[in-house]
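Notes for the one structure printed next.
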Amino acid sequence: MSSKVETIERFILDSQPDYARGEFTNLLYDIALAAKIISHKTNRAGLTDILGEVGAVNVQGENQQKLDVYADDVIFRMCDHTGRLCAMASEEKEEMIAIPEQFKKGSYILVYDPLDGSSNIDVNVSIGTVFGIYRCRDWEHRGRLEDILQAPRRLVGAGYVLYGASTILVYSTGNGVHGFTLNPELGEFLLSHEYMRFPEPPTYYSVNHAYFERWAPETQEFLRWLQGRRGDDAPKLSSRYIGSLVADFHRNLLRGGIFCYPGELDKPNGKIRLLYEAGPLAFLAEQAGGYASTGTGSILDVEPTELHQRTPFFVGNRSLVYKAESFIQAGKQGG
Ligand code: AHG
Ligand code: MN
Ligand code: MN
């Protein structure tokens with residue numbers, strides 16, 4: 001934990017590269033402000049008319065929660081007119097989001113999952129927001145799909161907000177992972193975790209065991225290894241899975257562990273979305289000394305072809321993710 005009192009704005013300003021023209025810095029400010037607004041609403045969800053479903057289904061085929069729509073709207077309205085972006089993409093919007101012609105075009109792309117863990121909103125369990133920032137590939141045009149469909153290795157920034165017992169914003173711009181806890185009285189995110197790293201040895205593994213029968217044999221073998229049922233080289237781990245990827249990722253970053261959402265026999269790409277869930281978290285994981293894999297290769301190197309494409313996802317301590325790859329690759333080679 002950090003002892004110095006430093007706001008996220010001061011930290012961003014002090015750590016921005018000399019060549020930064022302020023656009024990127026201001027985009028991070030905008031995201032922090034959007035996080036404060038969503039946090040305020042989330043903490044009163046039970047008291048104001050923000051719980052429940054809106055009666056609409058999103059592009060994922062999932063019933064949209066009121067807070068999904070609210071969070072999506074806050075981020076869009078915070079960022080559409082500021083001149084920092086040339087396009088956006090949201091989990092809640094089927095198509096890419098162009099910046100309206102009347103607004104100045106910026107140099108960056110924002111991809112985001114406005115509300116992660118929607119199934120937990122109405123049962124008062126932690127939920128989150130995930131975001132990633134790319135540079136526009138082509139400065140001439142207003143943002144196009146090819147500006148958005150970039151491999152996560154080209155991210156210039158990524159982070160998440162966890163709306164839990166406290167609200168914490170964790171981000172990286174390629175120089176370590178840093179966490180800021182919201183002081184609601186001040187309305188300030190204060191530096192609380194500097195240079196976060198996955199600790200060794202790991203403590204947890206996170207997976208939805210209800211799907212065990214859906215997995216390929218090699219995936220089942222890896223889970224048996226994680227449970228210490230295959231040989232004695234597995235670390236002693238406990239299981240934690242709460243259905244909010246951001247919450248599971250954050251706990252595993254603090255305590256060491258692996259989050260797994262494997263592909264399934266009839267759904268080989270699993271559930272987690274590459275662009276605005278797996279990619280940004282893979283960027284953070286590597287910045288924190290960890291690693292993220294599809295099971296056969298780095299998430300950072302997956303070239304997206306569609307906005308909402310899914311990917312099998314294993315992320316956390318490098319040693320555990322490598323082990324997942326060894327089981328899965330052996331299985332695919334018929335080992
Ligand atoms: P979202 O609420 O943005 O759709 O994401 C939910 C994701 C992720 O947060 C979580 O780990 C996973 O869905 C849980 O899926 P299962 O309920 O299938 O385990
Ligand atoms: Mn999500
Ligand atoms: Mn979501």
Side-chain angles (χ1 to χ4, degrees), residues 34-35 38 41-42 45 50-54 56-76 88-94 97 110-132 158-164 170 204-215 219 223 239-253 257-282 284-285 292 299 307-316:
I38 296 167
K41 203 66 150 176
T42 304
I50 197 72
L51 289 179
E53 299 181 351
V54 288
V57 173
N58 66 6
V59 61
Q60 321 290 338
E62 296 155 349
N63 290 328
Q64 276 188 317
Q65 302 290 329
K66 288 179 184 169
L67 209 52
D68 279 333
V69 173
Y70 176 81
D72 185 46
D73 188 47
V74 165
I75 295 171
F76 173 75
M88 288 186 260
S90 164
E91 177 191 305
E92 299 301 327
K93 295 279 188 322
E94 181 149 11
I97 305 164
L110 178 67
V111 296
Y112 61 96
D113 174 3
L115 217 296
D116 174 68
S118 307
S119 63
N120 284 325
I121 293 171
D122 290 1
V123 294
N124 206 16
V125 170
S126 298
I127 49 183
T129 295
V130 186
F131 65 90
Y160 59 84
V161 187
L162 179 57
Y163 311 101
V170 175
Y204 297 115
Y205 75 93
S206 307
V207 73
N208 189 335
H209 280 288
Y211 304 156
F212 187 83
E213 293 311 321
R214 303 183 193 176
W215 298 331
T219 305
L223 263 297
S239 169
R240 289 281 189 288
Y241 185 83
I242 74 165
S244 288
L245 166 55
V246 170
D248 283 321
F249 181 91
H250 183 69
R251 182 202 51 249
N252 291 351
L253 174 56
I258 183 171
F259 172 94
C260 313
Y261 205 109
E264 299 166 8
L265 293 171
D266 64 354
K267 215 167 73 179
N269 286 330
K271 174 182 186 181
I272 302 300
R273 277 61 54 126
L274 173 67
L275 194 63
Y276 39 75
E277 288 176 321
L281 295 181
L284 290 175
I299 288 281
L307 281 183
H308 302 290
Q309 76 185 62
R310 299 171 191 266
T311 176
F313 191 41
F314 300 83
V315 62

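Counting starts at 1 for both ligands and their atoms, in listed order. Sequence positions, counted from 1, serve as the residue numbers for this chain.
In the vicinity of F259, heavy-atom distances shorter than 4.0 Å reach the ligand 1 atoms 11 (O). Each of the atoms 2 (O) of ligand 1 lies under 4.0 Å from some heavy atom of S118. Taking every non-hydrogen atom of Y261 and a distance limit under 4.0 Å, the qualifying atoms of ligand 1 come out as 15 (O), 16 (P), 18 (O), 19 (O). Heavy-atom contacts of D113 reach the following atoms of ligand 1: 3 (O) (cutoff under 4.0 Å). Interface of E277 with ligand 1, defined as ligand atoms under 4.0 Å from a residue heavy atom, comprises 3 (O), 5 (O).
At a cut-off of 3.5 Å, with distance as the only test, no side-chain donor of Y160 or D113 sits close to an acceptor on the other residue.
Scanning the protein for heavy atoms near atom 9 (O) of ligand 1, the closest one is D116 OD1, 2.7 Å. With hydrogens left out, the protein atom closest to atom 4 (O) of ligand 1 is R273 NH2, 2.9 Å, a heavy atom. Nearest to atom 13 (O) of ligand 1 among the protein's heavy atoms is K271 NZ, 2.9 Å. Protein heavy atom in closest approach to atom 14 (C) of ligand 1: Y241 OH, 3.3 Å. Scanning the protein heavy atoms around atom 16 (P) of ligand 1, the nearest turns out to be Y211 OH, 3.5 Å. Looking at atom 10 (C) of ligand 1, its nearest protein heavy atom turns out to be G243 O, 3.4 Å.
The shortest distance between side-chain heavy atoms of Y112 and I97 falls below 4.5 Å. Using a 4.5 Å heavy-atom threshold, the side chains of Y205 and L223 count as touching. Side-chain contact between K93 and D72: present, with at least one pair of heavy atoms (C-beta onward) separated by less than 4.5 Å. The side-chain heavy atoms of S206 and N252, taken from C-beta on, include a pair separated by under 4.5 Å. Side-chain contact between I75 and T129: present, with at least one pair of heavy atoms (C-beta onward) separated by less than 4.5 Å. Using a 4.5 Å heavy-atom cutoff, the side chains of V315 and I299 are not in contact. Annotation: side chain of S126 is not in contact with side chain of H250 (no heavy-atom distance under 4.5 Å).
With respect to V207, the side-chain contact (heavy atoms from CB on, under 4.5 Å) criterion is satisfied by exactly one of Y261, F259, W215: W215.
Residue-level proximity to ligand 1 for L245 is carried by backbone and side chain together, each with a heavy atom below 4.0 angstrom. Contacts of S244 with ligand 1, taken as heavy-atom pairs under 4.0 Å, involve the backbone alone. Heavy atoms of L115 found under 4.0 angstrom from ligand 1 belong exclusively to the backbone. For N208, every heavy-atom contact with ligand 1 shorter than 4.0 Å involves the side chain, none the backbone.
Put simply, the side chain of H308 never gets that close to the backbone of R273: no donor and acceptor are under 3.5 Å apart. A donor-acceptor contact shorter than 3.5 Å links the side chain of D116 to the backbone of V246.
The 12-atom threshold is exceeded at CG of D73, counting heavy atoms of other residues, nucleotides or ligands nearer than 6.0 Å.
Using 4.0 Å as the threshold, S119 has no heavy atom nearer than that to any atom of ligand 1.
Only protein N, O or S atoms were considered, and those under 2.8 Å from the Mn ion (ligand 2) are D113 OD2, D116 OD1, E277 OE2.
Contacts of R310 classified as side-chain hydrogen bond (donor to acceptor under 3.5 Å, both in side chains), with partners at least two apart in sequence or in another chain: Q60.
Taking CG of L67 as the start and CG of D122 as the end, the distance is 9.0 Å to the nearest 0.5 Å.
Taking distance alone, with nitrogen or oxygen atoms compared against 3.5 Å, G117 approaches ligand 1 more closely than that limit.
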